[in-house]
Amino acid sequence: MATSVEASSVGTSSAAAGSAETGTARHRSGRRPRGRWSLLAPLAAVVVAGVVSARALRSSPLADDGALTAPAWDWLHGGPAPDLLTPDGLAIAHTAAWAWVTRSFERDLGLAAAGRELLWAAVVVSCLLLWRLARRARLGDAGACVAVLVFGAVPGLVMVHAVSAPAAWAVPWMLVAAWLAVGRRRRPVRALGCLALVPAVLLAPDVLLLVLAGAAGALATGRIGRRWSPRLRTVLAGLLAPVFVGLVLLLPRWDPQPDVLAPWAAGETRSVLLTAGLLTAGALAAWLLPRWRPPAGALAVTTLAAIAPPGRFSALVVCLPVGALLVGALAQELVRAPALRPLRPVLAVATTVALVAGLVLAAVTLRTAPVDDFGARDRQALVDWLAQQLPAGTAVAADGLLAQDLRKDGIPMGEGGLQVVRGAPGPVPDDVVVARFGDAETGLVVLDPDRRTPDADQRALRRQLSGALLTNPTTADAGQATGALLSGDVDPRLLTLLAGIAAQYGVGISALPAVPGELGTSVRYAVVDSVGGTRVVDDAALREQVRGWLAAQLPPFAPDLVEVTDDGIRVGYDYASDPDGLLTGSGS
């Protein structure tokens, strides 16, 4: 694309040279040039694109979320280094660098949300570069504005930027290379443009398809190699054709695309419309805009060779800025039509009003529309449960992005204990499910393969302990807790502890709260509001006496939680797979 657009400016070099004297005279006049108010239009378009993409990129979770941020976070925290000569490895390095600059991993963001934030930064940078490239390619402010809006603000296209693919980082490098190569640039600057193409090609080899097709078109039309004979240019252009075909055949092995990234995996209708739109932009630009024929032809050929089914997502991503640039050029040509000349002031005002309205609407939508948290709330609830209900250092098992997110939150990972999965856990027995945080489809589920529910004898023993506690004359009226005590659903460790307090002092129980999120587990928390007929909240000495007695208990009866509340003293135990077995093993 860089070569073809650069070639398109050669035809105007003589006109530019001819006006050099006039330009020099103007500079010598001492009058400062008037600032163009329309310069604000492309900047407003960049802002609109940034706001729209910020809203779109924080919604609709995708299957590949975190594909780049998870290994990048792991690398920054001592994990294996990526292979910088592969698209994924170089993209991981880009993600890690941007995350280090923006401190995304240090803030309270999950890896999926951090990935979307970094992709949004890449989109905004690409919009700025596309604007500058459009101006360098002699597009007016209106054409540059349209190009930026098409690239970064069209709802259906914005979701393409949300995919965690290496091609997302190739687009800025490709635009930098084109910007350095377009126009009357010196050779060192153009050499820098060629260097910028190297990371772009390593991130998305499909960029080479655009370069080869654009170079062939520029040779065939005489945009490059003007001093060469037409026959030589035709021969060179023809030699690039088999290279192009060979590269198309090599790409699946060089940069295989996961099925989830295929453009046609998101829905056939949208993919057909998107492919047709790119083809239409290329065909119209090649027909109506002679100086844009090399990039237009490159877009059409690459679309047919790499995006049409089954399709390559990376080709789609790198073709989007080319298509947006051509749409901007077509819009500018339409505005310049003689029939629309009288309407230009009206169109300018309408465009300004539309940009302002779009900016306001996008800002309001960003603030009011619901935003997906990518499971952050459910994960925080799970992390709190793990920290409060399990002994410190207990490892849990998880897979994929969830495992990386939990490791990032400080949860040790390991096999052989509790398992955490997202969504429906599949065909597992109900007694294996310990807790659920979130809805049934996307929530987090805690599984315990070692969980043991009480058998008939153990449940009978629980009821026996509860009956002894309730019939003790020193036990105060348990109120609503009576039903839970008689049901046999109270942890035997807690029952034994309460029975011990009742036998020695007398006890009053105001509540037996369940643990939020848990499913079918034994109640193992109690609020003791009185001891020996005295309210513990009214007697500081009694509170200390009870706390001292609780601290003197031995495992498995030593409570894991003792805290003073407004209602009394809250006593509780950590989760155990087989609490009845703990009592049996202790000889009770």
Side-chain angles (χ1 to χ4, degrees), residues 380-394 418 434-437 446 454 462 465-466 468-470 472 474-580 582-583 586 588:
Q380 186 59 52
L382 170 66
V383 170
D384 293 341
W385 183 87
L386 293 173
Q388 296 169 6
Q389 306 302 323
L390 298 179
T394 301
L418 295 180
V434 174
R436 183 188 298 275
F437 304 95
V446 181
R462 291 185 181 189
L465 288 172
S466 299
L469 176 62
L470 291 173
N472 192 316
T474 62
T475 301
D477 182 12
Q480 295 181 353
T482 302
L485 289 169
L486 294 176
S487 66
D489 293 330
V490 180
D491 193 303
R493 296 173 294 175
L494 181 60
L495 286 173
T496 305
L497 181 72
L498 294 175
I501 300 177
Q504 191 165 356
Y505 304 106
V507 66
I509 306 169
S510 63
L512 292 171
V515 178
E518 292 192 9
L519 303 173
T521 56
S522 299
V523 177
R524 56 183 186 276
Y525 282 85
V527 177
V528 177
D529 61 349
S530 65
V531 173
T534 304
R535 287 170 49 85
V536 294
V537 295
D538 299 332
D539 192 330
L542 178 62
R543 287 199 302 272
E544 293 305 315
Q545 180 183 356
V546 174
R547 294 177 66 180
W549 185 86
L550 293 172
Q553 300 303 303
L554 298 176
F557 306 107
D560 298 298
L561 174 69
V562 177
E563 64 178 2
V564 178
T565 67
D566 295 337
D567 299 325
I569 298 179
R570 188 167 178 256
V571 183
Y573 292 87
D574 287 343
Y575 169 80
S577 300
D578 185 11
D580 299 274
L582 293 177
L583 268 64
S586 67
S588 301

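Going from atom CD of Gln553 over to atom CD1 of Ile501 covers 7.5 Å, rounded to the nearest 0.5 Å. Within the model, atoms CZ of Arg493 and CG of Leu498 stand 12.5 Å from one another, a figure rounded to the nearest 0.5 Å. Taking OG1 from Thr496 and CG from Leu583, the interatomic distance works out to 4.5 Å, rounded to the nearest 0.5 Å. Considering OG of Ser530 and CD1 of Ile569, their distance stands at 10.5 Å, rounded to 0.5 Å. Between the CG atom in Asp491 and the CG atom in Leu465 there is a gap of 11.0 Å [rounded to 0.5 Å]. Once rounded to the nearest 0.5 Å, the distance linking CD of Gln389 with CG of Leu418 reads 11.5 Å.
The aromatic rings of Tyr575 and Trp385 sit tilted, their planes meeting at an angle between 30° and 60°.
Summarising the geometry of Leu542 relative to Asp539, their closest heavy-atom pair is N-OD1, 3.1 Å, with the distance given to 0.1 Å. Contact between Ala484 and Val490 at its shortest, heavy atoms only, is O-CG2, 3.4 Å. Heavy atoms only, all atoms of each residue included: Leu494 and Val523 are closest at CD2-O, 4.1 Å. Gln388 and Asp574 make their closest contact through O-OD1, 3.5 Å (heavy atoms, listed as atom of the first residue, atom of the second, distance). Looking at every heavy atom in both residues, Ala576 comes nearest to Leu582 through CB-CD1, 3.9 Å. The shortest non-hydrogen separation linking Phe437 to Ala381 is CD2-CB, 3.7 Å.
Looking at heavy atoms from C-beta onward, Val546 lies out of side-chain contact with Val528 at the 4.5 angstrom threshold. Residues Val537 and Asp529 have side chains not in contact (no heavy-atom distance under 4.5 Å, counting atoms from C-beta outward). Looking at Leu550 and Val571, their side chains come closer than 4.5 Å, going by heavy atoms from C-beta outward. Taking 4.5 Å as the limit, every side-chain heavy atom of Leu386 sits out of range of all side-chain heavy atoms of Thr394.
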* Verify side chain to side chain contact (heavy atoms under 4.5 Å, CB included) between Asp560 and Arg524, making sure each step is shown before the conclusion. => CA-CA 10 Å; Asp560 298 298; Arg524 56 183 186 276; over 6 Å; no
* **Worked check of side chain to side chain contact (heavy atoms under 4.5 Å, CB included) between Val446 and Leu519** => CA-CA 10 Å; Val446 181; Leu519 303 173; over 6 Å; no
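Here the side chain of Tyr573 pairs a donor or acceptor atom with the backbone of Phe557 at under 3.5 angstrom. A donor-acceptor pair under 3.5 Å is absent between the side-chain atoms of Arg570 and the main chain of Glu563, judged by distance alone.
We find that Arg462 and Asp580 are joined by a salt bridge, their nearest charged nitrogen and carboxylate oxygen being less than 4.0 Å apart.
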